[in-house]
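Heads up: the structure comes next, in structure tokens.
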Amino acid sequence: MDMLGNFSQITANNGGLITLPIGLKPVYIFDVPSEMKEVVPLLVQAPKVLPENRLLAGKVTVTNPFDTPLHGKLIAKPIRGTSISLSKSKVSLAPGATEVLDVTLKAEFLKRRPYLLSVDLQNEQGKVIAAAQSIFKSNGVIQMIPEATTTITLDGNDDEWSDIKGVVCDDVDSVVHGKPNFAEVWLPQWMSKEDLSLNLKLAWREDGLYFLLKVTDDKVIPAPEGAHAFRYDCLELFFDGRKFGERGTTISVGADQAVITPNDTEQAKPCKFWFARKDNEQVSADLQTVSRKTSDGYVIEGKLVPKPWLDFKLLPGSQFMMDFLVDDTDDTNPKWLRKSAMAVHGTFNNYVNPDLWGRYELEAAP
């Protein structure tokens, strides 16, 4: 019955398949036989949690419910930071036939959150005739930090970083504050990767943990003297060097936040920064940073040296948690400060929730 009370009848085809019309207008269906069941032409099954080895192995089941042969192609929807492969992409099934294929996801960079493994089935004309998903949780892929074999000088240049792969954040998925609001486009918000995006590289040596952060920002506005730096363009660096079992829990000694103000000069020079922890004796690491303005934003190069009393040591196999959150403003009007923010791993409340910071491990040089 339609919304006006007009009755009609839905008839099955010769193969017993019933197709239900779907549209904007509601349709009410009565007298459904108890033996009727849903046809599932496509099913994706995979583990609910991404294993620590970064490999998620699942199955894709394709069934032909039609009374004619089914010829089609399977396409796995991409997930950034992963590679997804199917044991077979083309299918050709006789009426009523079923085929089970392997699907494997290899993760290189995933945050600590749920993800969808999605597969579409297209017919020979390229039209999607079925889609299926399986949700899995990532506990955050452990990122391996390479050991640098040469000296790294804090000079704001990337000469020593050319062989080190970086993590790029340049889409809305990494925006943790000021996500695009198309209903209120006049409000300050993240606009594009030219407005705010970043490229992060990490390395370590026996004398410290190093990072190079390149920020794309079309308007660089550091905080003026005496202002709250986090309301302007800045980097919030989070570091958790506590022992296993304590990392990622409520903030305590060994987990710190540093707010770093970039320079708006073309010549690299030391940055102004401060730690959120008021007692300097309890700050878990010494920090050195330099920055300079670039043609499309700014770069910050830094070095973190853990305190001797910290559980985390600069040795191969040592693990810790860390995150980089970049704040952005495009207007000095106090009403519009900190219009958006982008994080490599966590959320806008990183300062109270270390659970979502990234997991890292130091890797020995080959």
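When side chains are defined from C-beta on, Ser197 does not count as touching Val168, because their heavy atoms never get closer than 4.5 Å. Side-chain contact check for His177 versus Leu325: every heavy-atom pair is 4.5 Å or farther apart. Looking at Leu154 and Tyr210, their side chains come closer than 4.5 Å, going by heavy atoms from C-beta outward. With contacts defined as side-chain heavy-atom distances shorter than 4.5 Å, the pair Asp159/Thr153 does not qualify. Counting only heavy atoms from C-beta outward, the side chains of Ile300 and Phe324 never approach each other to under 4.5 Å.
Enclosure of atom CD in Glu99 by more than 12 non-hydrogen atoms of other residues, nucleotides or ligands within 6.0 angstrom is indicated. A 6.0 Å sphere centred on NZ of Lys179 holds more than 12 heavy atoms belonging to other residues, nucleotides or ligands. Taking a 6.0 Å sphere around NZ of Lys313, one finds it holds more than 12 heavy atoms contributed by other residues, nucleotides or ligands.
Across Cys271 and Val290, no two heavy atoms sit closer than the pair SG-C, 3.5 Å. Nearest heavy atom pair, residue Phe273 against residue Leu287, reads CZ-O, 3.3 Å. Between Val91 and Leu101 the shortest heavy-atom distance is CG1-CD1, 4.1 Å. The two atoms that bring Leu116 and Ile79 nearest to each other are O-CD1, 3.1 Å, heavy atoms only. Shortest non-hydrogen contact noted between Pro146 and Ile164 is CG-CG2, 4.3 Å. Shortest non-hydrogen contact noted between Gly358 and Asp323 is N-CB, 4.5 Å.
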Can you list, pair by pair, the side-chain donor-acceptor contacts under 3.5 Å of residues 211-224, counting residues two or more places apart and other chains?
| from | atom 1 | to | atom 2 | distance (Å) |
| --- | --- | --- | --- | --- |
| Lys214 | NZ | Asp158 | OD2 | 2.5 |
| Asp217 | OD1 | Lys219 | N | 3.1 |

Which side-chain N or O atoms in residues 235-242 pair as donor and acceptor under 3.5 Å with protein atoms at least two apart or in another chain?
| from | atom 1 | to | atom 2 | distance (Å) |
| --- | --- | --- | --- | --- |
| Glu236 | OE1 | Gln257 | NE2 | 2.8 |
| Asp240 | OD1 | Arg242 | N | 3.1 |
| Asp240 | OD1 | Arg242 | NE | 2.9 |
| Asp240 | OD2 | Arg242 | NE | 3.4 |
| Asp240 | OD2 | Arg242 | NH2 | 2.8 |
| Asp240 | OD2 | Gly248 | N | 2.9 |
| Arg242 | NH1 | Thr250 | O | 2.8 |
| Arg242 | NH1 | Ser252 | OG | 2.7 |
| Arg242 | NH2 | Glu246 | O | 3.3 |
| Arg242 | NH2 | Thr249 | O | 3.1 |

Donor-acceptor list for residues 182-193 side chains, cut-off 3.5 Å, not counting sequence neighbours:
| from | atom 1 | to | atom 2 | distance (Å) |
| --- | --- | --- | --- | --- |
| Glu184 | OE1 | Asn181 | ND2 | 2.9 |
| Gln189 | OE1 | Asn181 | N | 2.4 |
| Gln189 | NE2 | Glu184 | O | 3.1 |
| Gln189 | NE2 | Leu187 | O | 3.0 |
| Trp190 | NE1 | Ser192 | O | 3.2 |
| Trp190 | NE1 | Leu196 | O | 2.9 |
| Ser192 | OG | Glu194 | N | 3.3 |
| Ser192 | OG | Glu194 | OE1 | 3.1 |
| Ser192 | OG | Asp195 | N | 3.4 |

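In this structure, CD1 in Ile129 is found 5.5 Å from CG in Asn123, a value given to the nearest 0.5 Å. The line from CD of Glu160 to NZ of Lys201 is 11.0 Å long, rounded to the nearest 0.5 Å. To the nearest 0.5 Å, atom CE of residue Met322 and atom CG of residue Leu304 are 7.5 Å apart. The CZ atom of Arg359 sits 10.0 Å away from the CD atom of Gln143 when rounded to the nearest 0.5 Å.
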Trace of the side chain to side chain contact (heavy atoms under 4.5 Å, CB included) decision for Phe320 with Leu310: CA-CA 11 Å; Phe320 64 101; Leu310 192 65; over 6 Å; no
I would like to know whether Asp155 and Glu301 meet side chain to side chain contact (heavy atoms under 4.5 Å, CB included); could you show each step before the answer? CA-CA 7 Å; Asp155 54 11; Glu301 190 173 23; 3.3 Å; yes
I'd like to know whether Lys77 forms a side chain to side chain contact (heavy atoms under 4.5 Å, CB included) with Asp120, so could you lay out the CA-CA distance, the side-chain angles of the two residues, the decisive distance to 0.1 Å, and finally the verdict. CA-CA 8 Å; Lys77 292 186 177 179; Asp120 288 346; 3.1 Å; yes
Candidate pair Leu117 and Phe136, rule side chain to side chain contact (heavy atoms under 4.5 Å, CB included), full reasoning: CA-CA 7 Å; Leu117 176 60; Phe136 68 93; 4.2 Å; yes
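Contacts of Phe109 classified as ring-ring contact (aromatic ring centres under 6.0 Å, His included), with partners at least two apart in sequence or in another chain: His345. Applying the ring-ring contact (aromatic ring centres under 6.0 Å, His included) rule to Tyr351 yields no partners; only residues at least two apart in sequence or on another chain are considered. Take Glu225 and apply the salt bridge (charged side-chain N to carboxylate O under 4.0 Å, His left out) test, not counting sequence neighbours, and it matches Lys272. Checked against salt bridge (charged side-chain N to carboxylate O under 4.0 Å, His left out), Arg247 has no partners two or more places apart in sequence or in another chain. Residues passing the ring-ring contact (aromatic ring centres under 6.0 Å, His included) test with His228, sequence neighbours excluded: Phe230. Scored by the side-chain hydrogen bond (donor to acceptor under 3.5 Å, both in side chains) test, Ser174 finds no partners at all (sequence neighbours excluded). Scored by the side-chain hydrogen bond (donor to acceptor under 3.5 Å, both in side chains) test, Asp331 finds no partners at all (sequence neighbours excluded).
Looking only at distances, no side-chain donor or acceptor of Ser340 sits under 3.5 Å from a matching main-chain atom of Gly178. Under the 3.5 Å distance criterion, the side-chain polar atoms of Asn353 are left unmatched by any main-chain donor or acceptor of Asn350. Here the side chain of Trp204 pairs no donor or acceptor atom with the backbone of Leu315 at under 3.5 angstrom.
Judged as a ring pair (Phe, Tyr, Trp, His ring centres under 6.0 Å), not a single pair has a partner in residues 142-175 (not counting sequence neighbours). Judged as a side-chain hydrogen bond (donor to acceptor under 3.5 Å, both in side chains), the pairs with a partner in residues 280-300 (not counting sequence neighbours) are, in order, Asp256-Ser284, Asn263-Ser291, Thr294-Asp296.
A salt bridge is absent between Asp328 and Arg338: the closest approach of a Lys/Arg side-chain nitrogen to an acidic carboxylate oxygen does not fall below 4.0 angstrom.
Screening Asp173, Asn139, Leu356 for a side-chain contact (heavy atoms from CB on, under 4.5 Å) involving Arg113 leaves a single residue, Asp173.
Under the 4.5 Å side-chain heavy-atom criterion for ILVMFWY residues, no single connected hydrophobic cluster contains both Leu43 and Leu121.
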